[in-house]
Amino acid sequence: MPAAEDVKKCPVCGSTKLIFDPERGEIVCTSCGYVVAQNIIDTGPEWRAFDASQREKRGRVGAPITYTIHDKGLSTMIDWKNKDIHGHELSATTRAQMYRLRKWQRRIRVSDAAERNLAFALSELDRMASQMGLPRNVKEMAAVLYRKAVMEHLIRGRSIEGVTAACLYAACRMAKVPRTLDEIEEVARVDKKEIGRSYRFIARELNLRLPPTSPIDYVNRFADQLGLSERTKSRAIKILQEAIKKGLTSGRGPMGVAAAALYIASVLEGEKRTQREVAEVAHVTEVTVRNRYKELVEKLGIKLNI
DNA sequence: AAGACGAAAGTGGTTGA
DNA sequence: TCAACAACTTTCGTCTT
């Protein structure tokens, strides 16, 4: 897949009318529907400025906050001794004032830490989403989930990394652009187990009722990676709808089923891909593709003239 | 030589006692 | 907590094109 900025013309029909679909992070040809580029990393700011003062306000300049320098610029502490700089005892009113000041400094520090953790989580989310080329709405959804998790005090005892990854996973599913745990794991700094655990936990606690992922949600992405036409895509989707109706998909890994449907569709539409190729983009083995496609062909009565 | 096929043993996660 | 279980993977030999 070419880099986004290199593409000026649709390689299929030659049209120059390409539009960017931020929902899916893809550049699509408006005349034939071909996905010219995908997994585009959105490098722009997530805000818009209408005049200079807004830009001034919204712009955040420089590298992300450096977390290595603790309390930078705010490190002046109020001494616990009730003495002034000459060593004299403070008056009762000043002493009371100092007491209140200390109390507030303590409180501010605490909320500061929470802020810092949130900022860290959000920048982590941003990094992972960008690395995976996920569209912005997914990123935002994940951020909302994370904030909810913070408000419900679900982070205690769990790693920030794990929960952010889990939020991203959930957001992908909610947006119907599912990614596997493996794909998340590649960009996360925690392992799959941890992500899965955190995901189940927050899904339960936040009452996220996420329907099991449908194989259909995978068709677009896989088909694009295989360079398959729209015809083949919709053929695969038709096959899957049939299969779902007959209950052939329940209990099966959705990716394996999607891969099998695409394989069948590719053969039927005369742009055959090998089982190996299909298996690769779907992150399953050839054997699984084989087993699923055998089932589909048999139960749906599809004739393959190979 | 590459792809498709299928048997058999192994793996990790869920479920139910 | 543990064993049973289904889905999926790995591996490998055979057949087909």
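Throughout, protein chains are lettered first and strands after them, A, B, ... in sequence-line order, and every chain is numbered starting at 1. Source: prediction; values computed, not measured.
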J.: What is the distance from CZ of R290(A) to P of dA8(B), rounded to the nearest Å?
T.: 15 Å
J.: Whole-Å distance between dG12(B) P and D191(A) CG?
T.: 13 Å
J.: Under a 4.0 Å N-O cut-off, is there an ion pair linking E242(A) with K238(A)?
T.: no
J.: Could you write out DNA chain C as a dot-bracket string, with dots for unpaired bases, | for bases paired across to another strand, and Watson-Crick or G-U pairs counted at under 3.5 Å?
T.: |||||.|||||||||||
J.: Figure out the NE2/C1' separation between H283(A) and dG12(B), and round it to whole Å.
T.: 19 Å
J.: Using a strict threshold of under 4.0 Å (side-chain N to carboxylate O), is an ion pair present between E124(A) and R189(A)?
T.: yes
J.: Which atoms form the tightest heavy-atom contact between L125(A) and T164(A), and what is the distance?
T.: CD1-O, 3.4 Å
J.: Choosing from dA4(B), dT10(C), dC8(C), which nucleotide comes nearest the side chain of Q275(A)?
T.: dA4(B)
J.: Indicate, with a heavy-atom threshold strictly under 4.0 Å, whether T274(A) touches base, sugar-phosphate, or nothing.
T.: sugar-phosphate
J.: Tell me, which pairs form a ring-ring contact (aromatic ring centres under 6.0 Å, His included) where one or both residues lie in residues 170-201 of chain A, sequence neighbours left out?
T.: Y169(A)-Y199(A)
J.: With a non-hydrogen cut-off below 4.0 angstrom, is R197(A) in contact with a base, only sugar-phosphate, or nothing?
T.: nothing
J.: For a quick test of your reading: what N or O donor-acceptor pairs under 3.5 Å do the side chains of residues 181-188 of chain A make, sequence neighbours left out?
T.:
unit_1	atom_1	unit_2	atom_2	d
D182(A)	OD1	K192(A)	NZ	3.4
E183(A)	OE1	T180(A)	N	2.8
E183(A)	OE1	T180(A)	OG1	3.1
E183(A)	OE2	R221(A)	NH1	2.9
E185(A)	OE2	K192(A)	N	3.0

J.: Send over the distance from E295(A) CD to dC5(B) P, rounded to a whole Å.
T.: 14 Å
J.: Among dG13(B), dC8(C), dC5(B), which nucleotide sits nearest the side chain of Y293(A)?
T.: dC5(B)
J.: For V287(A) and for R273(A), locate the closest nucleotide of DNA chain B by heavy-atom distance; then report the residue assigned to the nucleotide nearer the 5' terminus.
T.: R273(A)
J.: Please state how far atom CD in E286(A) lies from atom P in dG3(B), giving the value in whole angstrom units.
T.: 9 Å
J.: Check whether any side-chain nitrogen or oxygen of K192(A) sits under 4.0 Å from OP1 or OP2 of dG12(B), and answer yes or no.
T.: no
J.: Of all the nucleotides listed (dT10(C), dA4(B), dC8(C)), which has the minimum atom distance to the side chain of K272(A)?
T.: dA4(B)
J.: Rounded to whole Å, please give me the gap between CZ in R204(A) and P in dT14(B).
T.: 13 Å
J.: At their closest point, which heavy atom of R147(A) faces which heavy atom of L118(A), and how far apart are they?
T.: NH1-CD2, 3.4 Å
J.: Figure out the CZ/P separation between R252(A) and dA7(C), and round it to whole Å.
T.: 5 Å
J.: Measure CD/E277(A) against C1'/dA4(B) and give the value in whole Å, please.
T.: 13 Å
J.: What nucleotide, of dG13(B), dG6(B), dC8(C), holds the atom closest to the side chain of R292(A)?
T.: dC8(C)
J.: Checking side chain to side chain donor-acceptor pair (under 3.5 Å) against S229(A), which of E269(A), R235(A), E271(A) comes through?
T.: E271(A)
J.: If you only use heavy atoms from C-beta on, which nucleotide in dC8(C), dT10(C), dC5(B) is closest to the side chain of T285(A)?
T.: dT10(C)
